[in-house]
Amino acid sequence: MIEYIRKNENQEEKQLFLGILLGGFCTMNTHSLLSMKDLSVTEIFDILNDARAFNNSKKDWQFPMQNALVANLFFEASTRTHFSFESAEYQLGCKVADFDSKTSSVTKGETLYDTVKTFESVGYNAVVIRHSQDEYFKELENINIPIINAGDGKGNHPTQCLLDLYTMYDEFNTFENLNVVICGDIEHSRVAASNKDALTRLGANVVFAGPKEWQREGYPTMDFDQAVEWADVVMMLRIQKERGAGLENMSDAEYLEKYGLNKERYSRMKEHAIIMHPAPVNRGVEIDTDLVECEKSRIFKQMENGVLVRKAVLKRAFGYPNFEGE
Ligand code: CP
């Protein structure tokens with residue numbers, strides 16, 4: 001039934017079945033965003049359209065409600081996601097709580113559920129959560145306020161995926177038959193997982209490259225030297241050492257030469273092709289430092305787009321309808 005709901009493009013039916021399912025087992029808010037699988041293709045485009053509106057005609061749009069309280073619960077390190085959510089929240093007129101697990105009652109044994117339930121109980125209207133545990137949100141089914149997933153372990157990073165989609169669509173105006181290569185530490189990457197699912201459903205051709213040690217079952221591969229000439233989008237990934245990734249006896253320079261985007265590979269990319277990277281970037285490892293801000297790079301543009309997309313996701317979380325005619 002869950003699979004049927006996820007794939008259903010009819011929004012009324014989707015809400016109805018979701019209501020039946022949730023009514024029976026839990027009360028999780030239907031405006032939560034936990035995984036790209038929660039979103040139909042129509043809903044993905046709705047969010048991208050709202051993000052575009054925030055960039056064009058709705059720059060100053062704010063929540064009509066006063067005291068829209070949002071708590072950012074980051075249990076794992078973050079620069080981009082954390083502070084672009086914060087920027088989006090302030091731009092929308094929210095009041096923001098910045099939670100630090102190290103000075104909270106988590107240090108006394110408080111569970112994730114109890115932390116989130118506490119924020120709900122003291123009046124917060126939505127929470128943004130990053131956590132190292134895959135699918136941590138399964139513990140939070142009895143939370144009633146919307147939860148926005150800012151990254152769970154190796155599982156999902158839906159708002160990163162949405163900003164990646166926004167960046168690609170902004171460039172190519174379509175996903176149909178767009179050739180995308182995602183290269184690097186595929187095994188530990190929630191960005192690779194979220195993009196594979198969404199881009200495939202949107203009609204793009206997605207392949208994966210990098211060390212064979214980090215390949216993932218069900219992820220089609222292509223030799224990177226071949227892929228740089230085939231791709232419209234070359235997306236590089238960081239080696240996630242904090243999740244145990246590592247290649248024995250390989251220096252940073254050797255990694256760049258063998259699997260990274262160096263200047264020689266760059267010279268063979270298609271004229272219109274772009275470089276993406278979710279960042280943080282390990283300069284001189286997965287990408288030559290001179291290429292981080294080169295003409296084809298959209299790495300900092302992705303961060304800019306992240307604020308627009310997160311404004312759209314927050315607007316959805318608070319139940320506001322899509323902007324029309326954008
Ligand atoms: N791309 C991304 O998630 O970056 P941060 O870890 O800095 O949030």
Side-chain angles (χ1 to χ4, degrees), residues 31-63 68 70 72 74 78-94 96 126-130 146-152 156-175 178 180 182 189-199 201-202 204 233 235 274 276-280 298-324 326:
H31 297 304
S32 288
L33 177 59
L34 308 174
S35 160
M36 286 305 290
K37 292 186 173 78
D38 294 341
L39 300 174
S40 66
V41 166
T42 308
E43 288 170 305
I44 292 172
F45 276 111
D46 286 344
I47 291 172
L48 300 186
N49 286 338
D50 275 4
R52 186 172 312 282
F54 277 124
N55 196 36
N56 299 332
S57 57
K58 307 283 184 186
K59 275 189 166 64
D60 299 325
W61 189 92
Q62 291 201 325
F63 290 133
V70 183
N72 294 328
F74 279 72
S78 168
T79 304
R80 273 143 289 277
T81 313
H82 190 158
F83 294 98
S84 70
F85 261 114
E86 198 163 296
S87 174
E89 289 153 3
Y90 283 126
Q91 287 182 41
L92 290 171
C94 300
V96 182
V127 286
V128 175
I129 304 178
R130 169 171 288 190
I147 298 168
I148 303 173
N149 181 10
D152 61 287
N156 305 271
H157 197 344
T159 59
Q160 176 69 45
C161 178
L162 287 163
L163 75 88
D164 291 342
L165 297 179
Y166 184 95
T167 306
M168 289 182 217
Y169 200 77
D170 203 33
E171 197 77 34
F172 299 105
N173 219 26
T174 184
F175 296 107
L178 197 67
V180 181
I182 303 178
S189 175
R190 55 196 174 207
V191 177
S194 291
N195 271 308
K196 176 180 184 285
D197 168 71
L199 281 166
R201 283 194 287 140
L202 289 164
V233 177
M235 186 185 293
I274 60 169
M276 294 175 62
H277 190 312
R298 298 295 178 271
I299 295 173
F300 285 94
K301 188 72 187 167
Q302 285 172 265
M303 296 176 208
E304 205 180 306
N305 293 339
V307 179
L308 302 172
V309 158
R310 287 174 178 127
K311 283 171 82 170
V313 167
L314 284 159
K315 177 172 148 289
R316 174 182 177 272
F318 278 83
Y320 289 99
N322 303 315
F323 293 131
E324 280 179 17
E326 296 295 333

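- No side-chain heavy atom of K315 sits under 4.5 Å from any side-chain heavy atom of I47.
- A 4.5 Å side-chain heavy-atom check between N305 and R298 finds every atom pair outside the cut-off.
- Side chain of E43 to main chain of S40: a donor-acceptor pair is present (N/O by atom type, distance under 3.5 Å, no hydrogens or angles).
- Within the 4.5 Å cutoff, no side-chain heavy atoms of N49 are placed close to those of N322.
- Between V233 and F172, some side-chain heavy-atom pair lies under the 4.5 Å cut-off.
- Checked by atom type and distance alone, the side chain of D197 never pairs as donor or acceptor with a backbone atom of S194 at under 3.5 Å.
- N195 and D164 are linked by a side-chain donor-acceptor pair at a separation below 3.5 angstrom, with hydrogens and angles left out of the test.
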**Prompt:** Given R310 and S84, is the side-chain hydrogen bond (donor to acceptor under 3.5 Å, both in side chains) satisfied, shown in steps?
**Reply:** CA-CA 8 Å; R310 287 174 178 127; S84 70; 2.5 Å; yes
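- By the 4.5 Å heavy-atom criterion applied to side chains, F54 and V307 are not counted as neighbours.
- Side chain of S32 to backbone of L34: no donor-acceptor contact under 3.5 angstrom is found.
- A salt bridge is absent between D50 and K311: the closest approach of a Lys/Arg side-chain nitrogen to an acidic carboxylate oxygen does not fall below 4.0 angstrom.
- Nearest approach of F85 to N72, heavy atoms of both residues: CB-OD1, 4.5 Å.
- Annotation: side chain of C161 is not in contact with side chain of R190 (no heavy-atom distance under 4.5 Å).
- A donor-acceptor pair is defined here as one N or O able to donate and one able to accept, closer than 3.5 Å; no such pair exists between the side chain of Q91 and the backbone of D60.
- Listed for the R130 side chain is a donor-acceptor partner under 3.5 Å among the backbone atoms of A150.
- Taking the side chain as every heavy atom from C-beta outward, Q302 and Q160 approach each other to under 4.5 Å.
- A donor-acceptor pair under 3.5 Å is absent between the side-chain atoms of S87 and the main chain of F83, judged by distance alone.
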